[in-house]
Amino acid sequence: MPRFRVYTIGHGGRTVDEIVRQVQAKGIQFVIDVRSVPYSRYQPEFARKPLAKALRDAGLKYGFMGHQLGGRPDDESCYDNNHVNYQKVRAMPFFKEGIARLRTACERDYIVCLLCAEANPTQCHRSGMVGEALVQEGIEVEHLLKDGSSRSQEEVMYERTGGQEELFPRLAF
């Protein structure tokens with residue numbers, strides 16, 4: 001069983017208060033924003049500055065790592081036909097540095113939660129890109145869902161791949 005765990009959550013369709021309650025219920029100390037663009041046209045309270053303030057006011061720490069772990073990297077070599085190639089991103093030094101920072105946080109016994117916009121982890125880079133990299137590092141990933149429940153990385157990837165995950169074991173290509 002992995003010694004370390006990282007949580008994830010998507011803010012889509014929720015209020016800041018709902019996010020705060022759910023992360024506090026898990027004892028989370030740090031909310032790490034992994035959105036490439038930390039703004040929301042439809043939910044302005046989730047823009048970087050107001051979100052950071054709301055989390056601080058609730059006794060949580062906010063950090064931004066979208067430049068390292070975001071789903072839309074600036075580096076054009078990470079794209080194939082205008083689509084992000086997760087394998088290419090995982091091979092990039094900036095991404096590896098972000099994963100190393102999360103590992104260091106775990107080693108220091110910090111309880112962290114990665115925040116993105118997409119509510120459903122099967123549709124978000126935090127499972128397919130970041131979560132898979134964390135699992136390869138021996139870090140357990142638990143995705144917090146809107147209804148208050150949670151799902152493991154394995155459950156999310158099973159749904160994401162339509163159960164075909166076993167055909168392609170977790171190897172670095």
- Atom NZ in Lys26, atom OG in Ser150: separation rounded to 0.5 Å? 4.5 Å
- Query: Going by heavy atoms in the side chains, are Lys61 and Gln29 under 4.5 Å from each other?
  - Reply: no
- Query: With Glu137, which of Arg5, Arg103, Arg3 fulfils salt bridge (charged side-chain N to carboxylate O under 4.0 Å, His left out)?
  - Reply: Arg103
- Rounded to the nearest 0.5 angstrom, the CD-NE2 distance for Glu155 and His143 is 9.5 Å
- Please report the shortest heavy-atom distance between Gly71 and Ser36, naming the atom on each side. N-OG, 3.2 Å
- Task: Using the rule that two of Ile, Leu, Val, Met, Phe, Trp, Tyr join whenever any of their side-chain heavy atoms come within less than 4.5 Å, decide whether Leu145 and Tyr158 are in one cluster.
- Result: no
- Step-by-step side-chain contact (heavy atoms from CB on, under 4.5 Å) determination, Asn81 to His83: CA-CA 6 Å; Asn81 298 319; His83 293 358; 5.5 Å; no
- Would you check if the side chain of Thr122 reaches a backbone N or O of Arg160 as a donor-acceptor pair within less than 3.5 Å? no
- Query: Are Phe4 and Ile28 connected in a single hydrophobic cluster, I mean Ile/Leu/Val/Met/Phe/Trp/Tyr linked by side-chain heavy atoms less than 4.5 Å apart?
  - Reply: no
- Query: Same hydrophobic cluster for Tyr7 and Leu102, using side-chain heavy-atom links shorter than 4.5 Å among ILVMFWY?
  - Reply: no
- Say you draw a straight line from CG of Asp80 to CD of Gln87; how long is it, rounded to the nearest 0.5 Å? 11.0 Å
- Query: Are side-chain N/O atoms of Asp147 and Ser149 paired as donor and acceptor at under 3.5 Å?
  - Reply: yes
- Query: Hey, are the side chains of Met129 and Phe95 touching, using non-hydrogen atoms and a 4.5 Å cut-off?
  - Reply: yes
- Over all atoms of both residues, closest heavy-atom pair of Ala54 and Val16: CB-CG1, 3.7 Å
- Checking Lys146 side chain against Gly13 main chain: does a donor-acceptor pair fall under 3.5 Å? yes
- Message: Under 4.5 Å between side-chain heavy atoms, counting indirect links through other Ile/Leu/Val/Met/Phe/Trp/Tyr residues: same cluster for Val6 and Tyr62 or not?
- Response: no
- Message: Any non-hydrogen side-chain atom of Pro121 less than 4.5 Å from a side-chain atom of Glu159?
- Response: no
- Item | Cluster overlap Val156 with Val135, hydrophobic side-chain contacts below 4.5 Å | no
- Glu97 and Gln68: side-chain donor and acceptor closer than 3.5 Å? yes
- Tell me, do Met157 and Val141 make a side-chain contact under 4.5 Å, heavy atoms counted? no
- Query: When rounded to the nearest 0.5 angstrom, what distance separates CD1 in Ile9 from CG in Leu114?
  - Reply: 11.0 Å
- Measure the shortest side-chain to side-chain distance between Val20 and Thr15 over non-hydrogen atoms and say whether it is less than 4.5 angstrom. no
- Side-chain contact test, heavy atoms from C-beta onward, threshold under 4.5 Å: evaluate it for Leu69 versus Ile32 and give yes or no. no
- Parallel, tilted or perpendicular: rings of Phe46 and His11 (30°, 60°): parallel
- Query: If you take all heavy atoms of Gly12 and Ala119, which pair is closest and at what distance?
  - Reply: O-CB, 3.4 Å
- Does the side chain of Val84 reach to within under 4.5 Å of the side chain of His125, using non-hydrogen atoms? no
- Task: Quick one: closest heavy-atom pair of Met92 and Cys78, and the distance?
- Result: CG-SG, 3.7 Å
- Message: Looking at Gln153 and Glu140, would you say the former's side chain and the latter's main chain have a donor-acceptor pair under 3.5 Å?
- Response: no
- Glu118 side chain vs Asn120 backbone, donor-acceptor pair below 3.5 Å: yes
- Task: Could you tell me which non-hydrogen atom of Cys124 sits nearest to which non-hydrogen atom of Tyr86, and how far apart they are?
- Result: C-OH, 4.4 Å
- Message: Any non-hydrogen side-chain atom of Leu60 less than 4.5 Å from a side-chain atom of Val23?
- Response: yes
- Task: Kindly compute the distance separating CZ (Arg90) from CG (Asn85), expressed to the nearest 0.5 Å.
- Result: 9.0 Å
- Note on the structure: All heavy atoms of Ile99 vs all of Ala133, minimum pair found to be CD1-CB, 3.9 Å
- Note on the structure: Interatomic distance, CZ@Arg108 vs OG1@Thr104, rounded to 0.5 Å, equals 6.0 Å
